[in-house]
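Here the structure is laid out as C-alpha cells; the discussion comes afterwards.
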Amino acid sequence: FAQVPVQAAEQSRERERENTSSSILLSAPRTAAMTNVTEVQLDELIKQKAFDQGTKVAQIFSGIFFAGLAIWLTTANGGSLSFVQRAALEKRLTVCCFINMYVAMFSTFFNIFQLTNVDDAILPTNGGFTLDLARPIEWVLTCPLMQLSLVLMGGAKLPDYRRYLMPSFSISILSCGTTAAFMPIVGLKVLMFIVGVILFLTMASFNRLQIIEYSNGAEGLTTGDSEFRKATLLLLCTWAPFPTWFVMSPEGFGIITNVLVIQVGWAFLNIVSKFTFIFYIQRIKDLYCNRLKTKRELTGSANGTKKMFGVSGGGMHGSMSPPDFEMGGQMMINGMDSQTYDMADKEAKREKLNAVVIETMNFLGMAQNTDRFVRLLEKADVICISDVEKLNQEKCEKLSLPFELVQALQKRVKVWKMDLVDEAEQELERGEEHYIKKLMDTPQGDHQM
C-alpha cells in the first residue's frame, strides 16, 4: 500500500508530460509527427517554439525602434506643416511628393509583411476567414497621408485645422471597417459599416468644400478645370469602391467566398488608388515646374526691360526701395517718370499674358500659330490678362479675334490664376499697386524734397 501514492504521483507526472507534448504538437508545424513522439523530438519542438517566439519578439522590438527613428527624422528635418501650407506652390508640391514617397514605402513594407503568418487573425464570422492585419494597418498609415497631401496642396486658402481633420476622417473610417470585420453579431457589423459610410460621406463633403475654398467659389465638385479639383476627384473616385468590396468580402457579409478573388480585388483597388494619386501629384509638380520655368523666362525678359527703363528688383513692379519724388515738375516713381514707369508696367503685363498664350497654344497643339495669335492680340490692344477676361463673342467679332482661341485662353487664365500664382505673390502685387496709385493720386507739391 505504501507504493500506491508513489505510483499515483508518477502517473500524474506522466499525464502532465503527455498534455505538454500534445499542446506543443498542436502549435508545431503540420509536418511534425502527431503521435509516437520521442523525448528527443519533443525537446527539439520545444526549442523550435522558443526560437520562433524569440525571433518574433526581436522583430517587433526592432520594428518599433526603427519606426520611432523614422518619425524622429521626419519631425527633425521636415519642418512645420503650418509653414509648408503657407509656402510657395513649388515648395508645397515638393513636400507632397515626399509624403507620397512615404506612402509607397509603407505600402511596400506591409504588403511584404502579409506574406508572413505573424499578422494572421481569424474572423469570428463567415467560416473563420483569415485576415491579414497588415492590410488595414497599411491603410491607416497611408490614407491619412494622402488626405494631408491635398490639404498642403490647397495652401493657405484652406483652414489650418484641415491638416488634422481630413487625416482623422481617414483613420476613423478605416477603424470602423476593421472593427466591423471582427464583430461576431451581424447587427453590430451593419451598425459599424453604416457609421463608416456616414464618415466617408462627411469627408467627401469637406473635400468638396476645399475645392470651393481653393477656387474662391469658382469651382465645385462637378465644375472646374484646376489641378487641385482633379486630384481631389481622383482620390474620392478611387476610394469609393472600397466599401462595396468590403460588403462583398468575408470581412463584411461574405457574398464572395473565393479567397483568391478577394485578395486580388483588394490588391487591385489598393494599387489603382495609390498609383493614380501618386503619379498625378508628380505630374502636377512636373507641369508646374515647366510653367514656372516659362513664366520666369518671360518675366525675366520683362525685368530686363524694366532695368533698361531704370527699375530695379524682383516683383512685377520692381523694387520700392528707391525714393519716390518729384523732379522738374514731373512725378518720379522708383527713380523714373510716371510715363516711363507705365511703359515698363505694360511690358511686364504683356509678357505675363504671353506666357499664358504660349501654354494655351501648346495645349491645343497649335504652337506654330502662337506668334500670329500674339500679334492679333497686340493689334486689338489686348495687352494684359484682365483685358482677355473682358472679351466676349461680340467684342471678338468687332476686333476680328478668333473667339474659339480666346475662349480657350480665358479658361487657361482661370487655371493659371489658381494653379500658378501664389496668394502671397498676388498680395505683394496688390500692395505695390495700392501704394503706387496712392503716390500718383497725391498732389505733386507734397512730394517735393
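- Using a distance-only test at 3.5 Å, with no hydrogens or angles considered, no donor-acceptor pair links the side chain of D132 to the main chain of R135.
- Here the closest heavy-atom approach between residue T223 and residue R229 is recorded as O-NE, 3.1 Å.
- Between F113 and I137, the closest side-chain pair of non-hydrogen atoms is not below 4.5 Å.
- Contact check for I281 versus C97: side-chain heavy atoms found under the 4.5 Å cut-off.
- Between G220 and I212 the shortest heavy-atom distance is CA-CG1, 4.4 Å.
- Rounded to the nearest 0.5 angstrom, S170 OG and L141 CG are separated by 12.0 Å.
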**OP:** Let me see the working for F242 and W139 under ring pair (Phe, Tyr, Trp, His ring centres under 6.0 Å), right down to the final yes or no.
**Re:** CA-CA 11 Å; F242 279 86; W139 294 346; 5.4 Å; yes
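- Listed by first then second residue, pairs satisfying side-chain hydrogen bond (donor to acceptor under 3.5 Å, both in side chains) with a partner in residues 109-123 read N111-E138, not counting sequence neighbours.
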**OP:** Evaluate the side chain to side chain donor-acceptor pair (under 3.5 Å) criterion for residues E251 and W266: first the C-alpha distance (whole Å), next the side-chain angles of each, then the deciding distance (0.1 Å), finally the verdict.
**Re:** CA-CA 12 Å; E251 302 166 36; W266 284 127; 3.2 Å; yes
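- Residues L158 and F228 have side chains in contact (heavy-atom distance under 4.5 Å, counting atoms from C-beta outward).
- The nearest pair of heavy atoms linking F373 to P402 is CE1-CG, 4.1 Å.
- Remark: L165 CG to T202 OG1 distance equals 9.5 Å, nearest 0.5 Å.
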**OP:** Go through the steps to decide whether L81 and D160 satisfy the test side-chain contact (heavy atoms from CB on, under 4.5 Å), and finish with yes or no.
**Re:** CA-CA 9 Å; L81 291 179; D160 289 346; over 6 Å; no
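- Crowding of F403 atom CZ: a count of heavy atoms from other residues, nucleotides or ligands under 6.0 Å exceeding 12.
- The CG atom of L209 lies 11.5 Å from the CG atom of L221; values are rounded to the nearest 0.5 Å.
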**OP:** Apply side-chain contact (heavy atoms from CB on, under 4.5 Å) to the pair L353 and I383, showing each step before the final yes or no.
**Re:** CA-CA 7 Å; L353 174 61; I383 62 172; 5.8 Å; no
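- Nearest heavy-atom pair across P159 and Q85 is O-NE2, 3.7 Å.
- Salt bridge annotation for E213-R208: absent, with no cationic side-chain nitrogen under 4.0 angstrom from a carboxylate oxygen.
- Side chain of S400 to main chain of C396: no donor-acceptor pair is present (N/O by atom type, distance under 3.5 Å, no hydrogens or angles).
- A donor-acceptor distance shorter than 3.5 angstrom exists from the side chain of T276 to the backbone of S273, with no hydrogens or angles considered.
- A salt bridge is absent between K395 and D387; no separation between the charged side-chain nitrogens and carboxylate oxygens falls under 4.0 Å.
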**OP:** Could you walk me through whether M183 and F193 pass the side-chain contact (heavy atoms from CB on, under 4.5 Å) test, one step at a time?
**Re:** CA-CA 11 Å; M183 284 296 176; F193 177 76; over 6 Å; no
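- In this structure, F110 has no ring pair (Phe, Tyr, Trp, His ring centres under 6.0 Å) partners at least two apart in sequence or on a different chain.
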**OP:** Could you give me the CA-CA distance, side-chain angles and deciding distance for K189 and T179, then say whether side-chain contact (heavy atoms from CB on, under 4.5 Å) is met?
**Re:** CA-CA 8 Å; K189 186 186 291 287; T179 304; over 6 Å; no
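- The nearest pair of heavy atoms linking C96 to M153 is SG-N, 4.0 Å.
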Subject >> Intermediate values then yes/no, side chain to side chain donor-acceptor pair (under 3.5 Å), Y280 and E227 >> reply: CA-CA 9 Å; Y280 194 74; E227 303 290 0; 2.6 Å; yes
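- One finds the SG atom of C143 at 15.0 Å from the CZ atom of F169 (value rounded to the nearest 0.5 Å).
- Of the inter-residue distances, the one linking I99 atom CD1 with Y102 atom OH reads 9.0 Å to the nearest 0.5 angstrom.
- Contact of the V357 side chain with the M361 side chain is registered, since non-hydrogen atoms from C-beta on lie closer than 4.5 Å.
- Checked against side chain to side chain donor-acceptor pair (under 3.5 Å), E378 has no partners two or more places apart in sequence or in another chain.
- One finds the OG1 atom of T370 at 10.5 Å from the CZ atom of R375 (value rounded to the nearest 0.5 Å).
- Contact annotation: the side chain of F200 approaches that of M203 to within less than 4.5 Å [non-hydrogen atoms, C-beta and beyond].
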**OP:** Decide yes or no on side chain to side chain donor-acceptor pair (under 3.5 Å) for S107 and K274, but give the supporting numbers first.
**Re:** CA-CA 9 Å; S107 299; K274 287 179 178 154; 3.2 Å; yes
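- Side-chain contact between L148 and M166: absent, with no pair of heavy atoms (C-beta onward) separated by less than 4.5 Å.
- Within 6.0 Å of CD in Q368 there are more than 12 heavy atoms belonging to other residues, nucleotides or ligands.
- With R412 contributing its side chain and T360 its backbone, the two residues share no donor-acceptor pair below 3.5 Å.
- Residues I256 and S249 fail the side-chain proximity criterion, which asks for heavy atoms closer than 4.5 Å.
- Between A231 and I284, the closest heavy-atom pair is CB-CD1, 4.3 Å.
- With a 4.5 Å cut-off on side-chain heavy atoms, M366 and L405 count as touching.
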